[in-house]
Amino acid sequence: CRIVVWRPYAVTKCFTNQGIMGPSYSILSGSLDEMKKLRRVAMGTALNTNSHDITERVIPHFTTWSSQYGETFLYWYGLQARLFISDPELAKHILSNKSNIFVKPKAMPTAELFAGKGLPLINGLDWFRHRKIATPAFTIDKLKGMVKGMATCTVSMLDNWKNHAISSADDQCREIEVHGEFKRLMADIIAHTAFGSSFVAGKEAFKAQLQLQQCCAASSTDTFIPGSQYLPTPSNIHIWKLDRKVKETLKSIIDGRLNSPKTGNSNRYGNDLLGIMIDALDIFQSRAGPKLKMEEIIEESKAFFVAGHGTTASFLTWTVFLLCKYPEWQTKLREEVLNECSVGIPDADMLAKLKLVNMVFLEALRLYCPVIRLFRQGSEDTKIGNLMIPRDTCIEIALVEIHRSEKYWGQDAKEFNPLRFINGMSQAAKHPNALLEFGFGPRTCIGQNLAMLAGKTTITLILQRFSLSLSPEYKHTPIEHDDILISDGPTGPVMKLSPKLKEQLHKPWANAIILKNMGRSHTLSFMTMKLTQKWSLIGKWHLTDLGETFLYMHGMEPTIYISDPELATQVLSNKSGFFSKVQFPSSFETLFGKLGLFLLTGQD
Ligand code: HEM
């Protein structure tokens, strides 16, 4: 009676007295039936790709209820009272509160299982201790040194795209479903960042964790029956097995580090996130400072993967979507990338100079923020300004709405306009907290520098090589899934790797186009790097001779085909290092050993 009838009545009355209304409460289901109905209708529609007004599709209950009850209203998620707010000032007060009054709401047991009982879910002193230990792993200086690893992961993905394009019978372009690609990439990058040298085993753990996430999502329902997570149902047994596998793999990585011989490192267990956490293990009683238990390190590793991998993949996907939609911005960004980073692997200092890329990132995060709403729960009755919030009320902060409100962003709030960030984030809107893509206050995203750096590395390497356009099959159906904004449906955000670079190319590329028409023509579908050496090589041959010696494009790689033994002898016997082994894809390096005779050149 108290939970199902009395509390909903009392909470509703408390808010009604303060002028805050909302949809009526139905016993047990609250406002869920109406919410589901609105969602079903919204799901049946696809948006025009020119429209960035996604609120109506992703949180349709907001548009309906706010038009009826105002921008702050109360609704019932089953038995849970939810106060919906879209005022950045109120959001700032709630998020910046340091006295532990507004805490993270208790997660479902399945969510705790796959997301780990780590930073994003814990509260109080435990949160403080974990955050203090993990923070040094995410400083910009530490992350700078990881750009090389991020680039290696990205180049390996792009090599696959390149092979995909080469193997195409279609002469035009190839299509890539980017969200899946970016999810795999981010799994690699986070494994690198978190586990460093134990990267391969870390990836294994994450793979099992992804399966666990899918199983948990499939088995979860709206109404959670307390205790059901302990029943030995087939789905629970499968979930337990996967959970054990994740934990055992992570534990074996940690044990490996603990037993590894001491090195000259400043931290003997490694300078990556795992090393930093192991150093704080509670078995080292003599060490000062906050400590972590073994299980806590395992849970935290899981949490970092879940918090960082889907969000950053979503961010990259929507950025690519916007670059496809606005080719003029794609061209501008490519020019900036080629100016600052040329066609090589970028380093952190080069990435820091990419101002336009940064502006486009902020605009992408504004319009398509991967996390569209934040939740907090009042741990006691609290007053903010004139608003009295009873204990246990869940507060839902609608980032997706704040980010596109004309009140703060002006008339073009729903349009793509990166130039609004030209004078920095603080000048872009009428309220300094109108952009909350990484949250705000003490619980702001710990991985935001990592996400931006990984984003810049990836976009730079893509723009150096590919021209992007949206597939005609693409349907604009943003949806919130597992708390992350993604595109719904089998088509996903598909982009085309297009050979349309001709118009935009700078010098070397003009040559590439001319060469393309000589000999057998291949689709010019991606850019090649470090061509300078090869261009001069090609200049030595008689290019007009299309007989037994001819030039063709192996993708973007100008290749001379020879079948004259005399010529072959000259090329192969040359000892001055002029004809070196060609650069192989990174998969070859893995297969043959990067430092082995097969691939080495020069003095080595
Ligand atoms: C574009 C990518 C990302 C976005 C949009 C994003 C967004 C957010 C937001 C909005 C929060 C605050 C949640 C709240 O206040 O309730 C958060 C927290 C968090 N994020 Fe991110 N995130 C991103 C990438 C990452 C990455 C790459 C990592 C780590 C590898 C990460 C790890 C975390 C963690 C551990 C927290 C919890 C922090 C705490 O409560 O102390 N995130 N993120």
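We count ligands from 1, going down the list as the structure has it; atoms in each ligand are counted the same way. Counting from 1, the numbers follow the sequence of the chain as shown. Since the model is a prediction, treat every value here as computed from it, not as a measurement.
Ion pair E299/K117 not flagged as a salt bridge, since none of the NZ, NE, NH1 or NH2 atoms sits closer than 4.0 Å to an Asp/Glu carboxylate oxygen. Look at R420 and E363 and you find a salt bridge, because one of the NZ, NE, NH1 or NH2 atoms lies within 4.0 Å of a carboxylate O, short of that distance. Salt bridge annotation for K106-E112: present, with a cationic side-chain nitrogen under 4.0 angstrom from a carboxylate oxygen. Under the 4.0 Å criterion applied to side-chain N and carboxylate O atoms, E340 and K456 are not assigned as salt-bridge partners. A salt bridge links K302 with D243: at least one charged nitrogen is closer than 4.0 Å to a carboxylate oxygen.
When only non-hydrogen protein atoms are considered, atom 26 (C) of ligand 1 lies nearest to G308 CA, 3.3 Å. The closest protein non-hydrogen atom to atom 33 (C) of ligand 1 is A307 CB, 3.6 Å. Distance from atom 7 (C) of ligand 1 to its nearest protein heavy atom, with residue and atom name: E437 O, 3.6 Å. Closest to atom 23 (C) of ligand 1 among all protein heavy atoms lies T311 OG1, 3.4 Å. Ranking the protein heavy atoms by distance from atom 4 (C) of ligand 1 puts F438 CE2, 3.4 Å first. Distance from atom 13 (C) of ligand 1 to its nearest protein heavy atom, with residue and atom name: L374 CD2, 3.7 Å. What sits closest to atom 34 (C) of ligand 1 on the protein, heavy atoms only, is I446 CG2, 3.8 Å. The protein heavy-atom contact nearest to atom 36 (C) of ligand 1 is P120 CG, 4.0 Å.
A cation-pi geometry, defined here as NZ or CZ lying under 6.0 Å from the six-membered ring centre and within 45° of its normal, does not hold between R376 and F102.
Heavy-atom neighbours of Q80 CD from other residues, nucleotides or ligands within 6.0 Å: above the threshold of 12. No more than 12 heavy atoms of other residues, nucleotides or ligands lie within 6.0 Å of NZ in K207, so this atom counts as exposed by the packing criterion. The 12-atom threshold is exceeded at NZ of K142, counting heavy atoms of other residues, nucleotides or ligands nearer than 6.0 Å. Shown here is K251, whose NZ atom has no more than 12 heavy atoms of other residues, nucleotides or ligands within 6.0 Å.
Within the 4.0 Å heavy-atom shell around ligand 1 one finds W127. Heavy-atom distances between K104 and ligand 1 reach below 4.0 Å in at least one pair. Within the structure, the closest approach of P370 to ligand 1 falls below 4.0 Å when heavy atoms are considered.
When the heavy atoms of A313, G441, G310, C445 are ranked by distance to atom 31 (C) of ligand 1, first place goes to C445. Taking only non-hydrogen atoms, the option from E300, R376, M186 nearest to atom 16 (O) of ligand 1 is R376.
For a threshold of 3.5 Å applied to N or O pairs, the pair formed by T444 and ligand 1 contains no separation below that value. Residue R443 places at least one N or O, backbone or side chain, under 3.5 Å from an N or O of ligand 1.
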